[in-house]
Amino acid sequence: MDKIVIQGGVSLKGKVTVSGAKNAALPILASSILAEGEHLFRNVPDLADVRTMCKLLGTMGAEAERQTGKLKDAVRISVPETLSPEAPYELVKTMRASVLVLGPLCARFGRARVSLPGGCAIGARPIDQHLKGLKLLGAELELNAGYVEARAKRLRGATINFDVVTVTGTENLMMAAALAQGRTVLENAAREPEVEELARVLNKMGARISGAGTDVITIEGVERLSAIEHAILPDRIEAGTFAVAAALTQGNVLIERCVPEHLDAVIQKLRAAGATVSAEDGGLRVKGPRTLKPVDVKTMPHPGFPTDMQAQLMVLMTVADGSSVIAETVFENRFMHALELQRMGADITIDGHTAVVKGVAMLQGAPVMATDLRASASLILAGLRAGGVTEVQRVYHLDRGYERIERKLRGLGARVRRVKDRRAS
Ligand code: EPZ
């Protein structure tokens with residue numbers, strides 16, 4: 001098992017290029033199930049989760065392969081006429097986003113057997129809304145030995161009102177409705193840029209989807225869809241993570257190939273904290289201030305402040321000149337990183353879904369443990385700002401969502417390296 005070792009105290013300078021978005025790539029790769037033929041997806045990040053999704057498609061009988069040479073950022077998927085519509089526990093337990101094959105399998109083959117994802121470090125994360133929606137589209141569902149078994153001759157259009165805004169729930173039902181008979185309306189739908197991107201891809205395949213990016217999405221079902229080529233949008237959370245890194249280290253960084261509009265809520269908080277943030281050359285320039293100001297944050301579904309940036313923003317507030325309040329409203333257990341930051345000398349008080357962060361003059365390097373993807377990114381950031389050496393263990397969490405982050409940070413002058421953690425089992 002690897003760990004990442006950081007020698008803090010360097011101001012980050014230079015340019016960094018953002019990879020394709022993990023949370024767009026996963027539903028888009030799953031959507032290939034909907035259309036027989038050769039798909040080619042470009043700008044697909046080389047991440048553990050992407051490899052898991054390709055493996056899952058492979059177990060069903062598709063061929064999903066990362067290309068080489070000039071096409072090394074691409075994944076080619078060859079989808080045959082029939083697939084074995086099963087997502088096994090062994091794969092789903094490693095990546096809950098595997099549930100994104102449920103809607104497409106049900107829609108194209110009229111049946112699916114998908115392992116229930118189970119709990120997660122950041123919260124219970126049930127899929128009741130996914131199942132409620134499939135039932136409304138006419139599927140018969142049965143829970144059997146930890147699996148959801150779904151059957152439907154052909155899905156029928158329906159109006160689905162989500163009780164809670166859910167990103168993958170919206171995506172799963174949008175894909176299911178694309179091949180359903182008649183019209184489907186998704187109300188209180190998620191508005192994330194990744195949902196919009198999936199709708200773009202499905203429409204390219206021949207679907208008829210309108211309203212993606214708003215909270216009401218309308219899908220007119222069609223008979224069949226066709227295979228396509230598509231380049232996936234940049235990862236706004238990776239871009240946001242580098243923006244915080246620049247602000248945190250009094251840096252001056254140009255984040256290339258990111259879409260500033262996808263980061264409005266994050267940019268507003270960085271500016272309120274004293275950073276200078278400006279759109280430049282198709283990217284974002286971020287300059288960190290000498291002194292950071294405290295800002296309060298409340299995570300919300302898009303276009304609110306993203307929960308996937310909460311841990312990174314918390315690190316920024318650990319060294320701000322004053323106190324800030326961070327409220328996590330999307331997941332019930334997403335403050336695990338705070339306990340590790342306290343080990344680095346941060347002053348954080350947790351009360352349920354709220355954290356009060358009192359800024360300190362300096363963080364100290366220490367061995368710390370990553371508990372989930374964004375928590376691991378926050379510990380890397382803390383290590384960049386801390387005095388001395390920080391060792392972040394269990395970085396397999398990081399590799400699920402960040403492509404070669406230590407190499408990108410070294411490109412900005414950071415003293416960071418990946419080493420084998422001989423002590424870890
Ligand atoms: C997506 O997860 C992202 N993952 C998450 O990113 C992200 O944190 C989350 O959306 C919120 O933005 C992918 O896109 C692959 P939700 P998802 O369904 O879809 C509750 C990362 O770090 N809920 O929008 O699983 C749920 O428990 C990851 O990249 C139900 O109650 O999240 C949560 O409290 C982490 N019933 C809330 O809704 C349901 O059926 C939002 O969850 C579905 C969700």
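Atoms within a ligand are numbered from 1 in the order they appear, just like the ligands themselves. If you're wondering where the values come from, they're calculated on a predicted model, not measured in any experiment. For the numbers below, each heavy atom of this structure counts, side chains included, while hydrogens, waters and symmetry mates do not.
Using cut-offs of 30° and 60° for the angle between ring planes, the Phe41 and His39 rings count as parallel.
The shortest distance between side-chain heavy atoms of Thr318 and Asp347 does not fall below 4.5 Å.
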Could you list each N/O atom of ligand 1 together with any protein N/O atom closer than 3.5 Å, one pair per line with the distance?
unit_1, atom_1, unit_2, atom_2, d
ligand 1, 2 (O), Arg125, NH2, 3.2
ligand 1, 6 (O), Asn23, ND2, 3.3
ligand 1, 6 (O), Asp308, OD2, 3.0
ligand 1, 8 (O), Asp308, OD1, 2.6
ligand 1, 8 (O), Asp308, OD2, 3.4
ligand 1, 18 (O), Thr166, OG1, 2.6
ligand 1, 19 (O), Thr168, N, 2.8
ligand 1, 19 (O), Thr168, OG1, 2.6
ligand 1, 22 (O), Arg334, NH2, 3.4
ligand 1, 22 (O), Arg374, NE, 2.8
ligand 1, 24 (O), Val167, N, 2.8
ligand 1, 25 (O), Arg125, NH2, 2.9
ligand 1, 29 (O), Lys22, NZ, 3.0
ligand 1, 29 (O), Asn23, ND2, 3.1
ligand 1, 29 (O), Arg374, NH2, 2.8
ligand 1, 34 (O), Val330, O, 2.6
ligand 1, 36 (N), Pro126, O, 3.4
ligand 1, 36 (N), Asp128, OD1, 2.7
ligand 1, 40 (O), Pro126, O, 3.3
ligand 1, 40 (O), Asp128, N, 3.1
ligand 1, 40 (O), Asp128, OD1, 3.2
ligand 1, 40 (O), Gln129, N, 2.7

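At a cut-off of 3.5 Å, with distance as the only test, a side-chain donor of His230 or Glu197 sits close to an acceptor on the other residue. Side-chain N/O atoms of His130 and Asn172 include a donor and acceptor closer than 3.5 Å. In this structure, a donor-acceptor pair under 3.5 Å is present between the side chains of Thr299 and Glu328. Side-chain N/O atoms of Gln312 and Ser378 include no donor and acceptor closer than 3.5 Å.
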